[in-house]
Amino acid sequence: MAVMEQLEQIQSELNREIEAATTVEELRAVRVKYLGKKGPITEALRGLRDADPEERPKLGQKANQLKQAADEAIKAKEARYEQEALEKQLASEVIDVSLPGKTQKLGYKHVLRQVINEIEDLFLAMGYQIKRGPEIETDYYNFKRMNIPDNHPARDMQDSFYLEDEYLLRTHTSPVEARTMDQHDFSKGPLKMISPGKVYRRDDDDATHSHQFMQIEGLAVGKGLGMSDLKGTLEVFARHMFGQDREIRLRPSYFPFTEPSAEIDISCFNCGGKGCSICKYTGWIEVLGGGMTHPNVLEMSRLDPNEYTAFAFGLGPDRIAMLKYGIDDIRHFYQNDLRFNHQFKERG
């Protein structure tokens with residue numbers, strides 16, 4: 001069969017199959033069948049080498065016209081089918097814009113995290129670093145480096161959750177201070193840090209005690225630091241957290257790792273010091289403890305107490321949150337009761 005006759009026959013069959021196709025998929029199959037590299041048009045063009053040289057241009061032009069016409073016809077019908085499918089889909093997926101939308105519920109910070117963040121922001125603004133350490137601690141860092149040797153009476157309140165003889169769940173975040181002093185290069189300047197985190201103690205669970213709670217320890221090490229620096233720092237903290245009218249007082253106390261040591265009270269934010277049920281009618285509320293870091297602690301960090309002095313303090317974000325927001329039971333923080341948590345979602 002002559003090439004021209006082949007092309008005319010292919011065109012007739014191609015038009016018929018395009019007309020018979022009822023889906024986009026069928027049209028794509030027709031395209032591959034006739035316009036692909038192994039299609040009948042390509043096969044017919046192989047016969048051009050046997051055709052009369054004067055006829056070859058006409059045959060080539062005929063083949064190209066056939067390909068272009070078929071491609072346009074297939075594209076036009078594909079576009080029509082795709083538009084019909086889109087219209088059908090839109091008709092079946094009508095959205096009533098007057099209906100209320102599905103809102104995405106957003107999480108928010110737990111009230112303890114909010115209080116910790118507020119404290120961290122304050123001390124960062126005062127030039128302190130935020131340091132964190134392991135919750136599984138060694139006896140060496142948890143006790144001995146805090147000037148609490150074996151058989152020291154102060155261990156009675158803190159001997160708690162031991163995993164092995166030398167490992168326990170830390171009872172305070174003070175070990176982070178020792179670890180940081182070991183790493184700090186004091187030739188480059190003083191150290192100012194706070195160490196927030198979770199701690200564990202053998203306490204009975206009641207309204208004011210929990211076997212686990214949050215703690216923030218603070219430490220400043222330098223030359224010439226004294227109790228006045230500690231008092232000034234804690235005044236800034238008290239006024240930031242409880243109001244600019246707050247005053248603080250230091251009462252002599254005892255901690256193994258500070259000397260001298262003090263309990264720090266703030267004037268009652270509820271009654272202004274006049275006396276009420278919150279301050280037990282004393283006008284003062286105990287909020288934290290602190291003092292000058294014991295020389296033994298400095299010496300264990302390879303610091304000369306005659307050259308360096310330091311002050312340290314410890315506070316409980318749980319207690320701060322209870323006082324700040326009038327929460328009457330520490331266990332609320334850890335029971336995951338959404339009725340309690342939702343009360344503080346606007347504060348995050």
Side-chain angles (χ1 to χ4, degrees), residues 106-126 128 130 132 172-173 193-201 203 205-219 230-251 253 262-290 312-348:
L106 299 177
Y108 50 88
K109 297 181 180 69
H110 190 277
V111 61
L112 283 181
R113 173 45 57 188
Q114 295 174 38
V115 170
I116 291 170
N117 286 352
E118 186 176 357
I119 295 171
E120 288 180 348
D121 290 344
L122 171 65
F123 280 96
L124 284 172
M126 295 168 65
Y128 283 67
I130 309 297
R132 307 186 192 279
H172 45 189
T173 59
M193 58 160 286
I194 62 171
S195 53
K198 188 183 295 181
V199 300
Y200 307 83
R201 292 190 186 177
D203 284 339
D205 287 351
D206 57 35
T208 58
H209 297 85
S210 173
H211 65 278
Q212 67 168 50
F213 55 95
M214 303 299 294
Q215 189 178 61
I216 297 179
E217 296 274 348
L219 174 71
L230 172 63
K231 184 174 184 290
T233 300
L234 298 181
E235 278 182 342
V236 172
F237 164 77
R239 289 169 181 171
H240 176 81
M241 298 301 294
F242 297 104
Q244 291 302 311
D245 296 333
R246 300 284 65 74
E247 299 293 337
I248 72 169
R249 71 175 184 182
L250 280 64
R251 292 181 290 108
S253 186
E263 299 283 358
I264 293 91
D265 303 333
I266 64 168
S267 57
C268 183
F269 53 84
N270 185 59
C271 65
K274 297 177 181 178
C276 67
S277 59
I278 292 179
C279 62
K280 299 179 181 177
Y281 301 97
T282 65
W284 296 92
I285 301 173
E286 179 185 332
V287 291
L288 50 87
F313 55 88
L315 60 94
D318 307 64
R319 178 161 177 76
I320 299 299
M322 291 175 74
L323 292 171
K324 192 175 177 68
Y325 301 125
I327 299 168
D328 61 1
D329 194 323
I330 192 174
R331 291 170 292 190
H332 291 323
F333 294 129
Y334 303 105
Q335 291 174 338
N336 295 324
D337 189 334
L338 293 180
R339 294 171 300 178
F340 170 79
N341 294 342
H342 283 168
Q343 297 177 69
F344 304 97
K345 63 181 179 181
E346 299 301 324
R347 304 181 192 276

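Worth saying up front: this structure is predicted, and the values here are computed from it rather than measured.
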Colleague: In Å and rounded to the nearest 0.5 Å, what is the CG to CD1 distance from Leu288 to Ile320?
Modeller: 6.5 Å
Colleague: Under the side chain to side chain contact (heavy atoms under 4.5 Å, CB included) criterion, do Gln335 and Phe340 qualify, and how do the steps go?
Modeller: CA-CA 9 Å; Gln335 291 174 338; Phe340 170 79; over 6 Å; no
Colleague: Enter the distance from Leu124:CG to Ile130:CD1 here, rounded to the nearest 0.5 Å.
Modeller: 4.0 Å
Colleague: With a 4.5 Å limit on heavy-atom distance, are the side chains of Arg239 and Glu247 in contact?
Modeller: yes
Colleague: Could you pull out the closest heavy-atom pair between Tyr128 and Leu219, with the gap in Å?
Modeller: CE2-O, 3.8 Å
Colleague: Which residue in the set Met214, Arg132, Glu217 passes side chain to side chain contact (heavy atoms under 4.5 Å, CB included) when paired with Thr173?
Modeller: Glu217
Colleague: Is the shortest heavy-atom distance from the side chain of Thr233 to the side chain of Val236 under 4.5 Å?
Modeller: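 Sidechains of Val236 and Thr233: no contact.
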Colleague: Should Lys324 and Phe269 count as side-chain neighbours, where that means a heavy-atom distance under 4.5 Å?
Modeller: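 Counting from C-beta outward, Lys324 and Phe269 never come under 4.5 Å.
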Colleague: Mind listing the closest non-hydrogen atom pair of Ser253 and Glu263 along with its distance?
Modeller: OG-OE2, 3.4 Å
Colleague: Evaluate the side-chain proximity of Lys109 to Phe344: yes if any heavy-atom separation is below 4.5 Å, no if none is.
Modeller: no
Colleague: Could you tell me whether the side chain of His110 and the main chain of Phe333 form a donor-acceptor pair under 3.5 Å?
Modeller: yes
Colleague: Parallel, tilted or perpendicular for Phe237 and Phe242, by the 30°/60° rule?
Modeller: perpendicular
Colleague: For the residue pair Arg319 and Phe213, establish whether any side-chain heavy-atom pair is separated by less than 4.5 Å.
Modeller: no
Colleague: With side chain to side chain contact (heavy atoms under 4.5 Å, CB included) as the criterion, how do Arg201 and Gln215 come out once you've worked through the C-alpha distance, each side chain's angles and the decisive distance to 0.1 Å?
Modeller: CA-CA 12 Å; Arg201 292 190 186 177; Gln215 189 178 61; 3.9 Å; yes
Colleague: Restricting to non-hydrogen atoms, name the atom on Ile264 and the atom on Gly290 that form the minimum distance, rounded to 0.1 Å.
Modeller: CD1-N, 3.5 Å
Colleague: Drop me the distance from Ile285's CD1 to Cys279's SG, to the nearest 0.5 angstrom.
Modeller: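 Rounded to the nearest 0.5 Å, the CD1-SG separation comes to 6.0 Å.
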Colleague: Please report the interatomic distance CG(Asp318) to CZ(Arg331), rounded to the nearest 0.5 Å.
Modeller: 13.5 Å
Colleague: Nearest 0.5 Å please: distance from the CE atom of Met322 over to the CG atom of Leu112.
Modeller: 10.0 Å
Colleague: Would you name the heavy atoms of Trp284 and Ile248 that are closest together and state the gap between them?
Modeller: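 Looks like CZ3-C, 3.8 Å.
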Colleague: For Gly218 and Ile194, which heavy atoms make the closest approach, and how far apart are they?
Modeller: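 Gly218 and Ile194 have their closest heavy atoms at CA-CG2, 4.0 Å.
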Colleague: Can you tell me how far apart CG (Asp121) and CE (Met126) are? Round to the nearest 0.5 Å.
Modeller: 13.0 Å
Colleague: Evaluate the side-chain proximity of Ile119 to Leu315: yes if any heavy-atom separation is below 4.5 Å, no if none is.
Modeller: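 Of all side-chain heavy-atom pairs linking Ile119 with Leu315, at least one is under 4.5 Å.
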Colleague: Hey, are Arg251 and Glu286 close enough for a salt bridge, meaning a charged N less than 4.0 Å from a carboxylate O?
Modeller: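 Glu286 and Arg251: salt-bridged.
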Colleague: For a quick test of reading the model, state the closest non-hydrogen atom pair linking Leu250 to Ala262 and the distance between them.
Modeller: CB-CB, 4.0 Å
Colleague: Would you indicate whether the side-chain heavy atoms of Ile278 and Cys271 approach each other to under 4.5 Å?
Modeller: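 Result no, sub-4.5 Å side-chain heavy-atom pair not found.
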Colleague: Are the side chains of Met241 and Val115 in touch, meaning some heavy atoms are under 4.5 Å apart?
Modeller: yes
